[in-house]
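What follows is a single structure, written as structure tokens, with notes after it.
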Amino acid sequence: MSNTEDLFTNPQLNFQHLPEADKLEMIPLEPAYKTVRYISAALISLLLILVAWFLALVQMNDWYYGIYAASFITVISIWIVIYNGLTYQYMGYALRQKDISFKSGWLWRSMTTVPFNRVQHCDIRQGLIDRQFGLSRLTIYTAGGQSTDLVIPGLLPETAERLKSFILRSTEQAADEN
């Protein structure tokens with residue numbers, strides 16, 4: 001019985017000595033990504049505004065309510081554009097030996113950390129607007145995930161490729177250690 005007890009250990013950790021994730025030195029995204037965010041939000045907002053005002057003008061029976069609804073959607077759409085620009089400065093990523101983290105959000109903040117031993121694969125994508133500004137996004141998928149687990153937008157293609165290579169090498173090393 002003493003052999004079995006020696007094989008399994010699970011010591012308690014001192015809470016004060018745990019690393020603080022919010023103290024990570026985050027690497028900012030490319031400045032052009034702020035413009036990409038503004039343009040993307042503006043295009044979606046413009047579409048919403050056009051649809052709202054079209055519906056308001058078509059509904060002449062209740063034009064009073066239609067005008068208020070369209071005005072409300074216009075104000076919300078303008079806020080969406082402004083918010084997308086403001087949140088850029090709160091976005092960044094941090095790369096450590098065993099994981100990668102991404103934080104975002106101004107009002108609603110989030111930080112996602114993916115350990116390399118959970119990574120299944122990575123890919124690099126470019127949307128139409130991203131391509132016009134020479135940017136890419138690194139997409140990281142983890143084991144057991146139903147969808148994308150981490151997306152880091154606003155990267156130069158060379159940076160995205162270097163990060164992808166590093167993550168895949170680290171994933172192989174983590175697999176070899178286990």
Side-chain angles (χ1 to χ4, degrees), residues 8 10-45 47-48 76 79-178:
F8 180 76
N10 192 11
Q12 187 170 351
L13 299 175
N14 185 340
F15 189 74
Q16 281 74 26
H17 295 112
L18 293 177
E20 297 180 41
D22 61 343
K23 301 287 189 217
L24 288 174
E25 186 176 321
M26 302 308 265
I27 300 167
L29 304 178
E30 291 299 317
Y33 184 62
K34 184 175 185 176
T35 305
V36 169
R37 288 182 61 81
Y38 273 130
I39 291 171
S40 300
L43 290 174
I44 292 169
S45 294
L47 181 64
L48 284 173
I76 295 297
W79 168 246
I80 289 170
V81 173
I82 292 168
Y83 180 79
N84 269 282
L86 290 174
T87 58
Y88 164 79
Q89 66 186 351
Y90 296 95
M91 301 173 85
Y93 65 97
L95 187 63
R96 296 190 294 185
Q97 184 178 5
K98 297 187 185 279
D99 59 34
I100 188 166
S101 297
F102 179 72
K103 77 169 188 166
S104 64
W106 174 48
L107 294 176
W108 297 277
R109 294 182 183 183
S110 76
M111 185 156 140
T112 304
T113 300
V114 173
F116 296 138
N117 64 352
R118 300 284 298 155
V119 173
Q120 287 290 312
H121 70 281
C122 305
D123 63 24
I124 298 170
R125 299 179 182 206
Q126 280 186 318
L128 180 64
I129 300 171
D130 292 329
R131 197 171 320 122
Q132 295 301 315
F133 286 86
L135 299 174
S136 296
R137 63 185 65 233
L138 176 64
T139 308
I140 302 169
Y141 300 88
T142 62
Q146 295 294 329
S147 62
T148 304
D149 292 305
L150 183 64
V151 177
I152 302 175
L155 300 171
L156 292 174
E158 306 82 43
T159 304
E161 191 59 51
R162 286 178 50 212
L163 283 171
K164 178 183 174 184
S165 295
F166 177 79
I167 291 168
L168 293 177
R169 274 194 319 273
S170 298
T171 300
E172 290 172 8
Q173 290 172 355
D176 291 342
E177 290 173 6
N178 292 331

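One-based numbering along the sequence shown. Any value given below was found using the heavy atoms of this structure, including those in side chains, with hydrogens, waters and symmetry copies removed.
Residues Pro153 and Phe102 approach most closely at CD-CZ, 3.6 Å, considering heavy atoms. For the residue pair Ala94 and Met26, the shortest heavy atom distance occurs at CB-SD, 3.6 Å. Listed here is the closest heavy atom pair of Gln120 and Thr142: CG-C, 3.6 Å. Across all their heavy atoms, Leu107 and Trp79 have their closest contact at CD1-CZ2, 4.3 Å. Annotation for Lys164 and Cys122: closest pair CE-O, 3.5 Å, computed over non-hydrogen atoms. Closest approach of Ser101 and Thr113 over heavy atoms only: OG-OG1, 2.7 Å.
Rounded to the nearest 0.5 angstrom, Thr171 OG1 and His121 NE2 are separated by 11.5 Å. Atom CG in Leu163 sits 6.0 Å away from atom CD1 in Ile152 (nearest 0.5 Å). Rounding to the nearest 0.5 Å places OG1 of Thr139 at 5.0 Å from CZ of Arg125. Atoms CG and CG, on Leu135 and Leu29 in that order, are 9.0 Å from each other to the nearest 0.5 Å. Taken from CG in Asp99 to OG1 in Thr112, the straight-line distance is 11.5 Å, to the nearest 0.5 Å. Taken from CD1 in Ile124 to CD1 in Ile140, the straight-line distance is 10.0 Å, to the nearest 0.5 Å.
Applying the side-chain contact (heavy atoms from CB on, under 4.5 Å) rule to Pro157 yields the partners Gln126, Ser136; only residues at least two apart in sequence or on another chain are considered. Looking at residues two or more places apart in sequence or on another chain, you find a side-chain contact (heavy atoms from CB on, under 4.5 Å) between Phe166 and Leu95, Phe116, Arg169, Ser170. With sequence neighbours excluded, no residue forms a salt bridge (Lys or Arg N to Asp or Glu O under 4.0 Å) with Arg37. Every side-chain contact (heavy atoms from CB on, under 4.5 Å) that Asn10 has, sequence neighbours left out, goes to Phe8. For Thr159, there are no side chain to side chain donor-acceptor pair (under 3.5 Å) partners two or more places apart in sequence or in a different chain.
Judged as a salt bridge (Lys or Arg N to Asp or Glu O under 4.0 Å), the pairs with a partner in residues 130-144 (not counting sequence neighbours) are, in order, Asp130-Arg137.
In this structure, the side chains of Ile129 and Leu43 come closer than 4.5 Å at one or more pairs of heavy atoms. The closest side-chain heavy-atom distance from Tyr88 to Pro31 is below 4.5 Å. Using a 4.5 Å heavy-atom threshold, the side chains of Leu155 and Tyr93 count as touching. Put simply, the side chain of Tyr33 reaches to within 4.5 Å of the side chain of Met91, judged on heavy atoms. Looking only at side-chain heavy atoms (C-beta outward), Arg96 and Leu24 come within less than 4.5 Å of each other.
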Evaluate the side-chain contact (heavy atoms from CB on, under 4.5 Å) criterion for residues Ile80 and Asn84: first the C-alpha distance (whole Å), next the side-chain angles of each, then the deciding distance (0.1 Å), finally the verdict.
CA-CA 6 Å; Ile80 289 170; Asn84 269 282; 3.6 Å; yes
Stepwise side-chain contact (heavy atoms from CB on, under 4.5 Å) test for Ile167 and Leu138:
CA-CA 11 Å; Ile167 291 168; Leu138 176 64; 3.9 Å; yes
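Each of Val119, Asp123, Val114, Leu150 was compared with Tyr141 under the side-chain contact (heavy atoms from CB on, under 4.5 Å) criterion, and only Asp123 meets it.
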